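All values reported here derive from a predicted model rather than from experimental measurement. Both backbone and side-chain heavy atoms feed into the values below; hydrogens, waters and symmetry mates do not.
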Amino acid sequence: MYQQPFILNGRKKYTIKGYGNMNYSDGEIVGISPNHRYIVLDHISKGYVEDGIQKRLYENYLCVIIDVSQKAVVMNMQSDCSGEWNKNNQWINNGKIIFP
């Protein structure tokens, strides 16, 4: 698992703005838009929660849409991660346009 995924262009490495330092990825690209401007990357939120008695580790599995040219997260998703790109570069899930 990677704590700070990045975009590699040639030999230059770019951080992804909006992808928090406390979040993780296994590096799996879920989907690439037809115009290659956007990618969907898995996004795992992981940390500890305390209830006053116990401290428990939690994990929440999400995904994000990243604008590759801007090197930034443009949308966070949870229930729409199983979608796909259509020919108009829109992320669709269950027949509904999710992005843009």
Tell me, please, which residues at least two apart from [X] pass side-chain hydrogen bond (donor to acceptor under 3.5 Å, both in side chains).
X: N35; value: S33
X: R11; value: none
X: N88; value: none

Nonpolar side-chain network containing I97, other nodes, edges under 4.5 Å: I92
Other cluster members, I53 - Ile/Leu/Val/Met/Phe/Trp/Tyr, side-chain contacts below 4.5 Å: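 Reading the cluster by chain and number, I53 sits alone, since nothing else belongs.
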Flag for Y48-E50: side-chain donor and acceptor within less than 3.5 Å: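 Side chains of E50 and Y48: no pair found under 3.5 Å.
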Q78-N60 side chain donor-acceptor pair, cut-off 3.5 Å: yes
Is any side-chain heavy atom of [X] less than 4.5 Å from a side-chain heavy atom of [Y]?
X: R37; Y: V68; result: no
X: V40; Y: W91; result: yes
X: Y58; Y: S45; result: yes

Other residues, nucleotides, ligands: >12 heavy atoms within 6.0 Å of D51 CG: yes
To the nearest 0.5 Å, tell me how far [X] [atom1] sits from [Y] [atom2].
X: I98; Y: E84; atom1: CD1; atom2: CD; value: 11.5 Å
X: D67; Y: K17; atom1: CG; atom2: NZ; value: 9.0 Å
X: C63; Y: I29; atom1: SG; atom2: CD1; value: 13.0 Å
X: K71; Y: T15; atom1: NZ; atom2: OG1; value: 9.5 Å
X: F6; Y: K13; atom1: CZ; atom2: NZ; value: 4.5 Å
X: I16; Y: L41; atom1: CD1; atom2: CG; value: 6.0 Å

Parallel, tilted or perpendicular: rings of W85 and Y38 (30°, 60°):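 The arrangement is parallel - the two ring planes meet at less than 30°.
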C81 to L62 - nearest heavy-atom pair and separation: SG-C, 3.7 Å
Side-chain donor or acceptor of N86 paired with backbone N/O of N89 under 3.5 Å: yes
Listed partners of D80 passing salt bridge (charged side-chain N to carboxylate O under 4.0 Å, His left out), at least two apart: none
Path from V64 to I39 over hydrophobic side-chain contacts below 4.5 Å: yes
Cluster link V30 to M77, ILVMFWY, side chain under 4.5 Å: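 Same cluster: V30 reaches M77 through Ile, Leu, Val, Met, Phe, Trp or Tyr contacts under 4.5 Å.
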